[in-house]
Amino acid sequence: MEQVQVCIVGAGPSGLATAACLSKLSIPYVIVEREDCIASLWRKHTYNCLKLHLAKEFCKLPHMPYPDDSPTYVPKDQFLRYMDDYVEKFHISPKFNTLVESCMYDDKRNCWTIMARDIVNGTILDYASMFVVVATGENSAGIIPNIDGLQSFQGETIHSSSYKSGSDYVGKSVFVVGCGNSGFEIARDLAVHGANTSIVIRSPFHVMTKELIHLGMILARWHISLRLVDFILVLLAYILFGDLSKYGIVRPNMGPLLLKAKTGRSAVIDAGTTTLIKKGDIKVFGPIYRIRGNLIEFEDGNERYYDTILFATGYKSTTNMWLKKDMSMLNSDGMPKNDFPNHWKGSNGLYCVGFARRGLAGIAHDAKIVASDIQANIEMTLFD
């Protein structure tokens, strides 16, 4: 069994940020990753047209800014280049193709015992670690909702994690389920590539531009009341988009920044989707009643045939599949029991990074505070 000081599980932005912060404090660690690359969600499971929704100043990882010549809203390929440069700068060497199968605290040995498997050759790797950082993130596995009759659908069903480009759907009739940022962007991408596109909208949400959210975050930095900032943003959004309720898009009662702070729900960033909805190039439907073959029936009595159903319905955490017998940090859904900013720490040296629903800025916050807390605990042990 290999003795390590810190075991980081996951080599996405959360794990890499934690590794960098530990390196700055000269704290040794091992970082394990089930995939064969860093940032696998970004590299393998995001669509081609994706850009960061927030300005780069709010999306940098600890101790390394973006290059001066990078655009304000960084596209996917440049973000991955940034991640590669980050790994090189901090000499991070993840153990790839290493799947953690169990992790539990050993009360007798006062350490965490981690059993992992090399998925290439089947070798079992055992670690004993003083600290464990769960950095697998909140987006581990795609969610497909239960819909009456879905199993009878004879066309293609796909989760957004497998979608790349609308060029694969030219001339097809595609129904997008989910109206978050991924659903909105994918619907636009499908429509501009010539797919007959529809999207389901069931719940209220805010539609903003990247520039409006940027303005709001800057105003919030100046310690202006979030309610006042939200009032400004909603007013400006109304001037830009008009009344969207006639197209099935209803705003929540709570403002966009306050809603994000209290619930983790983000505003939807518009990149041209609303214009296509207004023109009728993207059809909006309400809740689904049932599916019969390739026919989707809606609760309002409408019905329509589709070739493809694309689920932009989010992800779930899979941490509870391998983190055993811990009741201190995560709930039954594998998410923190405590709200931000008290979400990041469990008991016996257990931590999580990237579970606050606050994007890359939240990851940077978590990584710094977790590394500092680990350092404080190590120093306390040495002093004792």
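Bear in mind that the values here come from a model prediction, so they are computed numbers and not experimental data. We count residues from 1, following the sequence as given.
Trp112 and Phe131 have their aromatic ring centers separated by at least 6.0 angstrom. Tyr86 and His63 have their aromatic ring centers separated by at least 6.0 angstrom. Ring to ring, Phe285 and Phe298 are close: their centroids are under 6.0 angstrom apart. Aromatic pair Tyr163/Phe311: ring centres not closer than 6.0 Å.
Atom OH of Tyr47 sits about 7.5 Å away from atom OG of Ser160, to the nearest 0.5 Å. Interatomic distance, CZ of Phe58 versus CZ of Arg358, reported as 13.5 Å (0.5 Å rounding). Rounding to the nearest 0.5 Å gives a distance of 5.0 Å between OG of Ser167 and NE2 of His193. Thr308 contributes atom OG1, which lies 12.5 Å from atom CZ of Phe175 (distance to the nearest 0.5 angstrom). The OH atom of Tyr82 sits 5.0 Å away from the CE atom of Met64 when rounded to the nearest 0.5 Å. Here the CG-NZ distance, from Leu257 to Lys262, works out to 12.5 Å after rounding to the nearest 0.5 Å.
Under a 4.0 Å N-O distance rule, the pair Asp148/Arg292 does not qualify as a salt bridge. Salt bridge Asp36/Lys44: present, at least one basic N to carboxylate O contact under 4.0 Å. At a threshold of 4.0 Å, the pair Arg34-Glu101 does not count as salt-bridged, since none of the basic side-chain nitrogens sits closer than that to a carboxylate oxygen.
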Inset, instruction - Please step through side-chain hydrogen bond (donor to acceptor under 3.5 Å, both in side chains) for the pair Asn110 and Asp106, ending with a clear verdict. - result: CA-CA 6 Å; Asn110 295 320; Asp106 187 329; over 6 Å; no
Legend entry - CA sep, side-chain torsions, deciding dist, call: Glu303, Arg290, salt bridge (Lys or Arg N to Asp or Glu O under 4.0 Å): CA-CA 10 Å; Glu303 56 184 35; Arg290 65 179 175 182; over 6 Å; no
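With 3.5 Å as the limit, one finds no donor-acceptor pair spanning the side chains of Tyr306 and Asn294. One side chain, Glu185 or His53, offers a donor N or O that lies under 3.5 Å from an acceptor on the other. With no hydrogens or angles considered, no side-chain donor-acceptor pair links Lys283 and Thr197 at under 3.5 Å. Under 3.5 Å, the side chains of Lys260 and Ser266 contain a donor-acceptor pair of N or O atoms. Checking Ser70 against Lys56 by side-chain atom types alone, a donor-acceptor pair falls below 3.5 Å.
Here the side chains of Phe184 and Ile199 are in contact, with some heavy-atom distance below 4.5 Å. Under the 4.5 Å side-chain criterion, counting only non-hydrogen atoms from C-beta, Val177 is in contact with Ile309.
Asp270 contributes no side-chain N or O that, together with a main-chain N or O of Val207, makes up a donor-acceptor pair within less than 3.5 Å. In this structure a side-chain-to-backbone donor-acceptor pair under 3.5 Å is missing from Ser328 to Gly346.
Test Asn181, Ile249, Thr273, Thr274 against Val268 for side-chain contact (heavy atoms from CB on, under 4.5 Å) and you get one pass: Asn181.
Sequence neighbours left out, the pairs with a member in residues 309-318 that pass side-chain hydrogen bond (donor to acceptor under 3.5 Å, both in side chains) are Ser317-Thr319.
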Output side-chain donor-acceptor pairs under 3.5 Å for residues 8-31, partner residues at least two apart or in another chain, one line each.
from	atom 1	to	atom 2	distance (Å)
Ser14	OG	Val353	O	3.4
Thr18	OG1	Ser14	O	2.8
Ser23	OG	Ala19	O	3.0

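The shortest heavy-atom contact between Arg304 and Ser198 is NE-OG, 3.9 Å.
Ile369 and Met329 fall into different hydrophobic clusters, where Ile, Leu, Val, Met, Phe, Trp and Tyr side chains are chained together by heavy-atom contacts under 4.5 Å.
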